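Every chain is numbered from 1 and lettered A, B, ... according to where its sequence line falls, protein lines coming before strand lines. Predicted model only: the values in this text are computed from it and were never measured.
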Protein chains: 2
Amino acid sequence: MPSPQKHTEALGRVLELVVVLSDDMTRSLAAQGLTNARAHLLWELHRRGPSTQRVLADALRVSPRNITGLVDALVATGFVTREPHPTDRRATLVSFTEHGAAVTAAMEHDQHEFARILFADMPDDRFAALVDGLDDLLARLRAHGVSIDASREATDPESEAGR
Amino acid sequence: MPSPQKHTEALGRVLELVVVLSDDMTRSLAAQGLTNARAHLLWELHRRGPSTQRVLADALRVSPRNITGLVDALVATGFVTREPHPTDRRATLVSFTEHGAAVTAAMEHDQHEFARILFADMPDDRFAALVDGLDDLLARLRAHGVSIDASREATDPESEAGR
DNA sequence: GGCATTTCGTGATGCGCCTTCACTATGTCG
DNA sequence: CGACATAGTGAAGGCGCATCACGAAATGCC
């Protein structure tokens with residue numbers, strides 16, 4: 001079992017990874033006229049298909065009021081549309097425009113591509129060790145009370161990351 | 001060399017780690033009456049000792065104007081003080097109050113403790129493999145243009161994470 | 001020494017994300 | 001039918017961040 005010093009350094013690596021990746025995500029999104037929150041909404045919409053704002057609010061774990069604002073912005077920038085719900089006249093259905101669908105598909109593609117490039121020439125054993133280590137880490141985090149406090153299925157949050 | 005499918009899953013693990021950790025950091029900080037940005041400033045102050053706002057702005061990579069606001073808040077909540085710079089009458093020196101120093105020291109301690117708990121019973125070889133994998137990942141990220149666009153010495157961003 | 005230039009901090013203003021409270025319109029259940 | 005729950009939005013507000021404009025002090029140059 002490693003020394004405390006090493007422990008802190010390792011955590012430092014993890015945190016650095018956090019910073020590097022999230023910065024890069026934000027930059028990539030901005031290049032497409034998106035912000036983190038809006039891309040996140042798009043992503044969820046992609047996973048679920050046309051959804052009510054309530055559903056999106058639960059999925060993104062933000063207040064319904066906030067969803068209104070995000071959808072407003074995405075409508076204004078032509079990524080999604082708001083349509084009346086066919087059976088519930090209180091609700092509105094949020095759906096992709098063609099543009100929104102295309103951009104989201106591109107984001108997904110970029111994510112796969114980025115993963116491919118990232119791990120492309122990594123030897124099998126090293127790759128397996130890394131994945132196992134990450135899983136272990138995740139398990140340990142949850143075991144020590146660090147968890148995504150409930151719900152939320154394994155959601156890869158934004159997307160995007162490619163250079 | 002692993003399959004594309006695995007690649008994406010692995011990236012998913014990384015992103016999940018990102019989300020879990022940053023969420024937890026934010027929660028821990030909030031419990032002490034701090035926000036991410038304010039804690040970040042405290043952290044930098046801890047690493048550098050009393051500093052001018054300009055220095056902090058460069059360190060945190062935000063606009064000087066924003067530092068004014070963060071320091072305002074930290075002064076109001078009793079974490080730091082603003083004093084005139086001894087030789088440059090334009091500048092102000094930001095220093096810890098006793099309370100601020102204590103809280104920051106506690107954060108540092110918690111971070112070490114968290115790292116210790118996290119990796120405590122992890123076998124040496126597994127730990128080594130994980131660290132190597134993380135380093136490799138970081139290197140690959142930088143190699144593919146994903147980088148912290150310049151400056152910024154190896155700064156572990158916030159701190160805190162323990163339950 | 002004197003004046004231009006740079007630098008430090010801040011006021012004003014604005015955007016994005018997020019929240020809570022209050023309110024309308026609608027759905028649902030007994 | 002009436003009581004209650006639910007979907008979305010207006011209003012207001014907080015935090016983080018940015019840019020522009022500006023005064024005050026420091027510095028460089030002649």
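In terms of phosphate contacts, B:Q53 brings a side-chain nitrogen or oxygen within less than 4.0 Å of OP1 or OP2 of C:dT10. Listed pair B:R54 / C:dC8 meets the phosphate criterion, a side-chain N or O lying under 4.0 Å from OP1 or OP2. The side chain of A:R89 places no N or O atom within less than 4.0 Å of a non-bridging phosphate oxygen (OP1 or OP2) of C:dA25.
Between the C1' atom of C:dC15 and the CG atom of A:L34 lies a distance of 16 Å, rounded to the nearest Å.
With 3.5 Å as the limit, one finds no donor-acceptor pair spanning the side chains of B:T104 and B:H46.
If you check residues 65-87 of chain A against DNA chain D, the residues with a heavy atom closer than 4.0 Å are A:R65, A:T68, A:R82, listed by number.
Each end of the helix from C:dG1-D:dC30 to C:dG30-D:dC1 gets its own axis, taken as the rotation carrying the C1' atoms of four end pairs onto the next four within a five-pair window, and the two axes meet at 10° to the nearest 10 degrees.
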Does the pair B:E113 and B:R116 meet the rule for a salt bridge (Lys or Arg N to Asp or Glu O under 4.0 Å), with working shown? CA-CA 5 Å; B:E113 182 66 8; B:R116 196 183 62 72; 2.9 Å; yes
For A:E16 and B:R142: C-alpha separation, side-chain torsions, deciding distance, then whether salt bridge (Lys or Arg N to Asp or Glu O under 4.0 Å) applies. CA-CA 12 Å; A:E16 189 179 356; B:R142 297 193 204 291; 2.3 Å; yes
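The distance from the CG atom of B:L34 to the CE atom of B:M25 is 13.5 Å, given to the nearest 0.5 Å.
The aromatic ring centres of B:F79 and B:F96 sit 6.0 Å or more apart.
In the set C:dC18, C:dC8, C:dC17, C:dC18 carries the atom at the smallest distance from any side-chain atom of A:V62.
Here the range on DNA chain D touched by chain A, meaning any atom under 4.0 Å from one of its heavy atoms, is D:dT6 to D:dA11.
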